[in-house]
Chemist: 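What follows is a structure written as structure tokens; I'll ask about it next.
Please read these numbers as outputs of a predicted model, since none were measured by experiment. The chains referred to below are lettered A, B, ... by the order of the sequence lines, with proteins before strands, and numbering in each begins at 1.
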Protein chains: 2
Amino acid sequence: MISKIKSIDINTEQKILESARNIFHKKGLSGSRMQEIADNAGINKAMLHYYYSSKDKLFDAVFQEAIKRIFPEISKLLNEEMPLFEKIIYFSDKYISLLQQNVFLPSFLLNEMNQNPQRFKKSFLKNKKIKPDIFIAQIKKGINDKIIIPLDPMQLFINMMSMCIFPFIAKNMIMITYRFSQKQFDQFIESRKKEIPEFIINSIKKK
Amino acid sequence: MISKIKSIDINTEQKILESARNIFHKKGLSGSRMQEIADNAGINKAMLHYYYSSKDKLFDAVFQEAIKRIFPEISKLLNEEMPLFEKIIYFSDKYISLLQQNVFLPSFLLNEMNQNPQRFKKSFLKNKKIKPDIFIAQIKKGINDKIIIPLDPMQLFINMMSMCIFPFIAKNMIMITYRFSQKQFDQFIESRKKEIPEFIINSIKKK
DNA sequence: GTCTATAACTCGATAGAC
DNA sequence: GTCTATCGAGTTATAGAC
């Protein structure tokens, strides 16, 4: 029997996914409309159901893709082979750059994780998402070698993550409170690439 | 003409607001249903429209109340009369305690501010919501008096806010990633009341 | 003030032609 | 694969009795 390759139009599927990404990232699952996703993709609403049988399936594709876009990158950055201080500088710079290219991702992911923890839990159990083990071990070694002061490695890790991510989640509050233009906000984020590691190293470095 | 006092049942209105608060804080505007709010309040759906003409009006009441619950408190804490280091310790403790009593508030407020900046902007223009001026001035004085190292006061302020708020927004991610029970998570939050100010003061204190 | 019933509308999903 | 047309469930909002 000669196998017949199913010729699904890759462009249409890509267009749908890109459109769904745009809408879902901004408005979340419950705030998004299939009609809007279809319009935005330049296709018909029925087509969405042809490629992804339901709204939830389409959302799941976007959600999983978002997880894959962020978590492996965090692991990669944390497991890079370099000295502790250098890594803190490197991580802040690279991680903020990643978020600059995906400004809606933090609130999208964190929000949907809170709405439906199961969705994240499911994919988390399959492959451990964040592996900060090497980074944590590196901090412990720093303490033992008396390069940095004694502290809880997890607290340090959460502090670093907090300072990198928070401004993206609080974007509108910051912009309104400080009367920032978009350009000023961008500069503010940009400057944090250096401010955050400085702030951290000042705190933990043994003198 | 004898004035007739309108006897609106204060209990019903309070019950509605409390129920709406519970649902809206957890699920947001688009994720919440008037039916669920009515059920949760133990009343009829039509009653919601009797007290608050529309879903959006009801949401607005909850949103404005949330703003009033958080922002004046932040201002109050920041404007307390005390030395800089003491204030950083005091703020972290009191602000985290406030969030512990309103665990859904951070994601609720930040998320809805991103969904509809106008709603926040409107109420912000009426009365300036956060007044970190005194705190900022205090930081500048600390730099001049060479008590702390030179730094951008706003960056410091955002760092402090980030570290206090972020764990509440990322609650489920943290719990799943670290396999925390509810109790372990609560202890983690509790310990940050001391960890955060220590971390900050270590960083900025001049030696 | 409170309720039941229902109108009016939105939205996800499907049937069926091409 | 793509479209139009439409169904049917779910949701906000209202009319009207008590």
Chemist: With B:K193, which residues qualify under side-chain hydrogen bond (donor to acceptor under 3.5 Å, both in side chains), at least two apart?
Modeler: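 Expected list: B:S97, B:Q100, B:E190.
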Chemist: Can you name the residues that form a side chain to side chain contact (heavy atoms under 4.5 Å, CB included) with B:K141, not counting sequence neighbours?
Modeler: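 Expected list: B:D145.
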Chemist: Taking B:D152 first and then A:R192, would you say they form a salt bridge - that is, a charged N and a carboxylate O separated by under 4.0 Å?
Modeler: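 Not counted as a salt bridge, because no side-chain N and carboxylate O are separated by less than 4.0 Å.
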Chemist: Rounded to whole angstrom units, what separation is found between the CD atom of A:E13 and the C1' atom of D:dT2?
Modeler: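 In whole Å, D:dT2 C1' and A:E13 CD are 15 Å from each other.
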Chemist: Report yes if at least one side-chain N or O of A:T12 is closer than 4.0 Å to OP1 or OP2 of D:dT2; otherwise report no.
Modeler: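 It does, given that an N or O in the side chain of A:T12 lies less than 4.0 Å from OP1 or OP2 of D:dT2.
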Chemist: If I take atom NZ in residue A:K57 and atom C1' in nucleotide C:dA13, what distance separates them, rounded to the nearest angstrom?
Modeler: 13 Å
Chemist: Show every salt bridge (Lys or Arg N to Asp or Glu O under 4.0 Å) that has at least one partner inside residues 23-44 of chain B, sequence neighbours left out.
Modeler: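 Output for this query lists B:K27-B:E36.
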Chemist: Ignoring backbone atoms, test whether B:Y51 places a side-chain nitrogen or oxygen under 4.0 Å from the OP1 or OP2 oxygen of C:dT2.
Modeler: yes
Chemist: How many Å lie between CG on A:D39 and C1' on D:dC3, as a whole number?
Modeler: 14 Å
Chemist: What is the per-nucleotide protein-contact pattern of nucleotides 6-12 of chain C, from the 5' end, where B denotes a base atom under 4.0 Å from a protein heavy atom, S denotes such proximity for sugar-phosphate atoms only, and - denotes neither?
Modeler: -----SB
Chemist: Output the single nucleotide from C:dA15, C:dG1, C:dC3 whose closest atom is nearest the side chain of B:Y50.
Modeler: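 Side chain of B:Y50 sits closest to C:dG1.
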Chemist: B:M47 CE to D:dT14 P: how many Å, rounded?
Modeler: 15 Å
Chemist: Taking side chain to side chain contact (heavy atoms under 4.5 Å, CB included) as the test, write out the residues that go with B:K122, two or more places apart.
Modeler: B:D60
Chemist: Just how far, in rounded Å, is P of D:dG1 from OH of A:Y52?
Modeler: 13 Å
Chemist: Ring centroid separation for B:Y90 and B:F85, is it under 6.0 angstrom?
Modeler: no
Chemist: Give the C-alpha distance, both sets of side-chain angles, the deciding distance and a yes or no for salt bridge (charged side-chain N to carboxylate O under 4.0 Å, His left out) between B:E65 and B:R69.
Modeler: CA-CA 6 Å; B:E65 181 206 60; B:R69 192 178 294 202; 3.8 Å; yes
Chemist: Whole Å only: how far is the CG atom of B:L58 from the C1' atom of D:dT11?
Modeler: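 Rounded to whole Å, this separation is 15 Å.
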Chemist: Does the separation of the ring centres of B:F59 and B:F24 fall below 6.0 angstrom?
Modeler: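 Judged by ring-centre distance (under 6.0 Å), B:F59 and B:F24 do meet the cut-off.
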Chemist: Given a 3.5 Å cut-off on both pairing distances, which stems involving DNA chain C, each at least three consecutive Watson-Crick or G-U pairs, are present, if any?
Modeler: C:1-18 with D:1-18
Chemist: To the nearest Å, how far apart are A:N44 CG and D:dT2 C1'?
Modeler: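 Spelled out: CG on A:N44 to C1' on D:dT2 is 8 Å.
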Chemist: In terms of side-chain heavy atoms, does A:S162 have a donor or acceptor partner in B:S162 at a distance below 3.5 Å?
Modeler: no
